[in-house]
Amino acid sequence: MSQYKEPMLRDGSLKGKTFVVTGGGTGLGRSMSKYFLELGAQVVICSRKKDVIEEAALTLEKETGGRCLGLPCDVRKYEEVESILQQAVATFGQVNGLVNNAAGNFISPTERLSHRAFDTIVDIVLKGTYNCSLSFGKYWIANNIKANVLNIVTTYSWVGSGYVVPSACAKSGVLALTRSLAVEWGKYGIRFNAIAPGPFPTPGAWDRLFPQDFLDKLEIEQRIPVGRVGEHQELANLAAYLMSDYSAYINGDVITIDGGEWMRNGGEFSWIGDMISPDMWDRVEEMIKSKNSKGSTS
Ligand code: HXC
Ligand code: NAP
């Protein structure tokens, strides 16, 4: 049975909470928002495209019976971030959670990028995250509200990655912010954690990172020890747990959900297993042992 495709938390686990999810109208942001609503939270979703975000909020309300507000906002602009916070408070009375999920990314050799392209990605991912964290943090501290922040990073936040260098730089910065503010603002009752997903198919990521020419050459599942990509519900389960009070003692951590992908591909020799047959391993073992045997000169 594929239990990971099922909702995990108890009904009402997020009742009384109001969360803002940036980039909540599409992809993983939408899946997390949907589950937060199912668990009783009120959710504000925001992104740049007004029509997309408003339609998403209406659909999510219909699907879940919850209360969802869709607001246009470019997280790169501090005044727009402040404005959605004010609208969220005016509508729901209070905000006590933030998911920094909005991102921009595309795959490209770095030498092909203009400085504007680099800025675009870093500004959405890193500046967007610190704009929201700073604006919401000041509000929580001034109003003595206990709160919870979840940042969506990637597994290359700590190992880096060629061909997505602006994203790697920005996500590393987001991870540093997560750990730093978890310590600094813990005293105010504000927790910061991160999730590092491996591949979870979404049109936003697949169109920009795995175009068809790549998919023709690459079997993503083969890179992942558990042999499959992620299911949105399993990420939503983890996000809801981290945004709930069940995780009250988790602060400053990053939880990887990638089926073991980065560990396999980050290890110096991990890739070799798929290329060498059992017969060849027998020969390799013999060769190595013969070099070890007494009398060997090399
Ligand atoms: C080289 C490119 C490019 C490309 C854009 N640019 N695409 N350069 N190769 N493929 C350059 C443009 O020429 C321009 O530079 C600059 O980048 C800004 O482009 P705009 O189109 O003007 O920017 P904008 O309209 O703000 O769009 C932002 C965007 C777009 C990031 C380029 O893709 C977007 O809206 N993305 C949002 C959603 C998204 O990216 N989702 C994926 C998240 S997945 P010049 O010099 O010409 O002005 C993820 C992790 C996945 O983050 C990990 C998977 C395992
Ligand atoms: P997605 O659907 O493209 O989500 C990105 C969202 O960010 C979109 O809704 C987009 O909406 C919004 N956005 C972009 N720029 C914005 C800005 N300046 N201001 C406000 N909103 C903005 O892609 P996804 O795959 O679901 O990605 C969601 C998160 O998961 C990202 O942080 C990504 O890095 C992370 N992630 C994804 C994967 C994966 O395999 N899918 C793996 C690792 C990490 P607008 O265009 O309307 O602004």
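Heads up: numbering here begins at 1 and tracks the sequence. Counting convention: from 1, in listed order, for ligands and their atoms alike.
Nearest to atom 22 (C) of ligand 2 among the protein's heavy atoms is Ala102 CB, 3.6 Å. Counting only heavy atoms of the protein, atom 9 (O) of ligand 2 lies nearest to Thr26 OG1, 2.7 Å. At the shortest separation from atom 46 (O) of ligand 2 among protein heavy atoms lies Lys49 NZ, 2.7 Å. The protein heavy-atom contact nearest to atom 18 (N) of ligand 2 is Asp74 OD1, 2.8 Å. Of the protein's non-hydrogen atoms, Arg48 NE, 3.5 Å is the one closest to atom 16 (C) of ligand 2. The protein non-hydrogen atom at the shortest distance from atom 6 (C) of ligand 2 is Gly23 CA, 3.8 Å. When only non-hydrogen protein atoms are considered, atom 24 (P) of ligand 2 lies nearest to Thr202 OG1, 3.6 Å. Scanning all protein heavy atoms for the shortest distance to atom 42 (C) of ligand 2 gives Gly198 O, 3.4 Å.
Within a 4.0 Å radius of atom 41 (N) of ligand 1, the protein has at least one heavy atom. Per-atom contact check: atom 36 (N) of ligand 1 touches the protein, criterion being a heavy-atom distance below 4.0 Å. Contact annotation for atom 13 (O) of ligand 1: protein absent (non-hydrogen atoms, distance under 4.0 Å). For atom 8 (N) of ligand 1, the protein comes within 4.0 Å by at least one heavy atom. Within the 4.0 angstrom cut-off, atom 52 (O) of ligand 1 has one or more protein heavy-atom neighbours. Within a 4.0 Å radius of atom 3 (O) of ligand 2, the protein has at least one heavy atom.
Residue contact check for ligand 2: Gly128 places no non-hydrogen atom closer than 4.0 Å to it. Distances from ligand 2 to the non-hydrogen atoms of Asn101 include at least one value under 4.0 Å. Residue His115 places no heavy atom under 4.0 Å from ligand 1. No heavy atom of Gly104 sits closer than 4.0 Å to any atom of ligand 2.
Counting heavy atoms only, Ala103 comes closest to atom 14 (C) of ligand 2 of the residues Ser47, Gly24, Ala103. Between atom 30 (O) of ligand 2 and the options Thr154, Ile220, Val125, Ile152, the minimum heavy-atom separation is to Ile152.
Under 4.0 Å from ligand 2, heavy atoms of Val75 appear from its side chain as well as its backbone. Neither the backbone nor the side chain of Arg30 comes within contact range of ligand 2; no heavy atom lies under 4.0 Å. At a heavy-atom distance under 4.0 Å, no atom of Ser167 approaches ligand 2. With a heavy-atom cut-off of 4.0 Å, Thr22 does not touch ligand 2 at all. Contacts between Tyr156 and ligand 2 below 4.0 angstrom, taking non-hydrogen atoms only, are absent altogether. With a 4.0 Å cut-off on non-hydrogen atoms, Val164 does not touch ligand 1 at all. When heavy-atom distances to ligand 1 are checked against a 4.0 Å cut-off, Thr120 comes that close only through its side chain, counted from C-beta outward.
With 3.5 Å as the limit, one finds a donor-acceptor pair spanning the side chains of Glu82 and Ser135.
Residues Arg191 and Asn251 approach most closely at CA-OD1, 3.3 Å, considering heavy atoms.
Summarising the geometry, atom OG1 belonging to Thr26 is positioned 7.5 Å from atom CD1 belonging to Ile53; distances are rounded to the nearest 0.5 Å. Atoms CG and CG, from Leu14 and Leu9 in turn, are 6.5 Å apart once rounded to the nearest 0.5 Å.
The cationic atom of Arg228 (NZ for Lys, CZ for Arg) lies less than 6.0 Å from the six-membered ring centre of Tyr4 and within 45° of the ring axis.
Considering both main-chain and side-chain atoms, Leu28 comes within under 3.5 Å of ligand 2 through a nitrogen or oxygen pair. For a threshold of 3.5 Å applied to N or O pairs, the pair formed by Arg116 and ligand 1 contains at least one separation below that value. At least one N/O-N/O distance between Asn105 and ligand 1 falls below 3.5 Å. Looking at ligand 1, you won't find any N or O of Arg112 less than 3.5 Å from one of its N or O atoms. Residue Gly25 has no nitrogen or oxygen atom sitting less than 3.5 Å from a nitrogen or oxygen atom of ligand 2, judged on distance alone.
Under the 30°/60° scheme for interplanar angles, the aromatic rings of Trp185 and Tyr188 are found to stand perpendicular.
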Take Tyr156 and Ser172, measure what side-chain hydrogen bond (donor to acceptor under 3.5 Å, both in side chains) needs, and give me the verdict at the end. CA-CA 8 Å; Tyr156 55 68; Ser172 297; over 6 Å; no
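Ligand 1 places these atoms under 4.0 Å from at least one heavy atom of Ser114: 15 (O), 45 (P), 46 (O). In summary, the atoms of ligand 1 found under 4.0 Å from a heavy atom of Ile121, numbered by their order in the structure, are 31 (C).
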